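Comments concern the structure below.
Since we're looking at a predicted model, the values are computed, not measured. What you see below is based on every heavy atom in this structure, not just the backbone, and it leaves out hydrogens, waters and symmetry mates.
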Amino acid sequence: MPDAEGQRRKASAAIAPAHETGTEVRDRYGVSFLRLYITPRIGTVRLQALRPSAITKLYRDLLLSGGRKGGPLAANTIKHVHTVLRKALADAVLVDELLPNNPAERAKLPRIQATEPGMVWTPAQLRAFLDTARDHRLFSFFHLAAYTGARRGELLNLRWTDIDWDKPQIHITGSAAVIDRQRVEGTTKSGRSRVVSLDSGTVRVLKAHRARQDEERLKLGESWKGGGAYVFTTGWGDPLFPDTPSYLMPKLIQTHNKQNPKAQLPHARLHDLRHVHATTLLLAGVPVHVVAARLGHADPAITLRVYAHVIHEQAATAADVFAEAVGG
């Protein structure tokens with residue numbers, strides 16, 4: 001019988017070709033998930049012996065004790081684990097022909113209860129926040145988050161080449177995240193790329209941001225570290241760390257509230273800018289499937305569940321809208 005370490009090396013060798021041939025999983029994002037969550041738990045299982053029940057148990061164990069210090073792992077992180085494993089095993093089926101079918105396709109993920117957003121800012125409150133953020137070098141990040149509904153990681157992964165100035169629109173092709181305290185990049189949450197249209201005001205904001213970034217790069221000269229690929233960077237050119245805008249937002253809210261004691265902004269997270277975007281569009285009558293496409297939801301049913309309260313508000317006025325339209 002081979003020892004445990006020998007079995008682990010064999011399993012790693014079996015899985016490695018599968019993920020190395022996948023262009024979306026062959027990055028630090030996918031490798032980190034394999035190293036942190038997958039290999040330690042099923043790395044000794046022969047690839048051909050891997051069953052859906054074993055993968056389901058993997059997800060269940062991660063949910064119970066896969067986090068730091070043996071605590072629970074977030075359900076959304078487990079979804080990312082599933083995405084990485086499914087893609088790796090899909091390559092084992094389709095590219096390397098090591099498996100007849102993909103066991104991850106039949107594994108059961110933990111149920112994630114879709115919750116409605118809590119307090120969502122009004123358009124006036126959003127404008128007040130953006131006015132406060134206007135002089136900060138990351139103003140354009142918050143503006144783009146609110147005006148596109150894109151996720152934090154998707155914006156931090158954005159390159160200048162992803163912007164089509166003529167359309168105008170942005171191509172969202174991937175996401176940045178923090179894995180084991182490292183900034184890593186991978187696919188979007190749904191595993192799909194998408195295109196999001198831009199308004200003329202947002203185009204002006206992005207062009208001003210690019211001019212400012214060019215000035216910073218020229219000023220630093222050879223000390224500039226990151227080339228010119230990323231839209232959002234540190235002041236010395238490195239890609240922005242994901243926690244930076246999340247930590248900055250409550251500070252900007254606090255600044256606004258100190259300056260405007262009679263017009264306080266309620267607490268909001270960075271992700272709530274996405275909710276403001278979706279809620280504003282839905283209340284304005286934009287079709288659910290259009291909003292879902294902007295948000296990157298794989299199925300408009302997700303949008304319906306998350307924003308059910310907004311849909312209900314529209315349904316309450318439907319009878320009056322019809323009567324007014326036909327003149328009844």
Side-chain angles (χ1 to χ4, degrees), residues 19 24-25 27-43 50-90 102-120 145 149-157 172 174-192 194 242-243 245-246 268-275 278 292 295-309:
H19 83 261
E24 292 181 320
V25 184
D27 51 27
R28 292 173 60 204
Y29 188 76
V31 169
S32 294
F33 272 99
L34 284 167
R35 177 175 57 82
L36 290 172
Y37 305 122
I38 298 172
T39 302
R41 290 169 175 81
I42 60 172
L50 190 60
R51 298 289 180 265
S53 59
I55 299 175
T56 299
K57 183 179 184 302
L58 164 69
Y59 299 154
R60 188 165 59 245
D61 291 346
L62 289 174
L63 186 65
L64 293 174
S65 59
R68 287 189 181 181
K69 298 181 180 179
L73 190 66
N76 278 329
T77 303
I78 297 173
K79 283 186 67 176
H80 288 306
V81 172
H82 174 66
T83 298
V84 169
L85 186 57
R86 186 184 63 209
K87 286 181 180 294
L89 293 175
N102 187 342
E105 296 287 357
R106 289 174 287 140
K108 295 181 180 179
L109 276 165
R111 288 186 176 274
I112 301 175
Q113 186 67 36
T115 57
E116 294 184 357
M119 169 74 71
V120 176
R151 301 176 179 91
R152 176 186 73 172
E154 294 170 342
L155 294 180
L156 293 178
N157 187 69
I172 296 176
S175 183
V178 179
I179 305 294
D180 199 22
R181 301 183 182 180
Q182 296 291 320
R183 184 190 191 277
V184 293
E185 295 180 357
T187 63
T188 63
K189 187 175 180 181
S190 67
R192 304 173 182 175
R194 69 184 186 277
D243 286 341
S246 295
R269 306 162 303 158
L270 177 59
H271 195 73
D272 291 326
L273 297 181
R274 178 173 167 87
H275 295 320
L295 296 179
H297 286 164
D299 186 340
I302 299 172
T303 315
L304 287 170
R305 286 197 301 271
V306 175
Y307 299 101
H309 63 298

Which distance, rounded to the nearest 0.5 Å, do you find between the [atom1] of [X] and the [atom2] of [Y]?
X	Y	atom1	atom2	value
His297	Thr303	NE2	OG1	4.5 Å
Ile55	Leu50	CD1	CG	4.0 Å
Asn157	Arg152	CG	CZ	12.5 Å
Tyr37	Ile42	OH	CD1	14.5 Å
Thr83	His80	OG1	NE2	7.0 Å
Ile78	Leu62	CD1	CG	5.5 Å

Which heavy atom in [X] sits nearest to a heavy atom in [Y], and how many Å separate them?
X	Y	value
Leu36	Arg41	O-NH1, 3.6 Å
Pro242	Ser246	O-OG, 3.9 Å
Thr188	Arg192	OG1-O, 2.6 Å
Ala150	Leu155	CB-CD2, 3.6 Å
Leu63	Pro72	O-CB, 3.0 Å

(message) What I want to find out is whether Asp243 reaches Arg183 closely enough, with some N-O distance under 4.0 Å, to be called a salt bridge.
(response) no
(request) Only counting residues at least two apart or in another chain, list the ones meeting ring-ring contact (aromatic ring centres under 6.0 Å, His included) with His82. (result) Tyr59
(message) Any donor-acceptor pair under 3.5 Å linking the side-chain atoms of Ser175 with those of Arg151?
(response) no
Determine whether a donor-acceptor pair (N or O, by modelled atom type, separation under 3.5 Å) exists between the side chain of [X] and the backbone of [Y].
X	Y	value
Asp272	Arg269	yes
Asn102	Arg86	yes
Arg274	Gly149	yes

(message) What I'd like to find out is whether the side chain of Tyr307 reaches to under 4.5 Å of the side chain of Val120, using heavy atoms alone.
(response) no
(message) Checking Leu304 now: which residues fulfil side chain to side chain contact (heavy atoms under 4.5 Å, CB included) with it, not counting sequence neighbours?
(response) Val288, Ile311
(request) Please step through side chain to side chain contact (heavy atoms under 4.5 Å, CB included) for the pair Leu85 and Phe33, ending with a clear verdict. (result) CA-CA 9 Å; Leu85 186 57; Phe33 272 99; over 6 Å; no
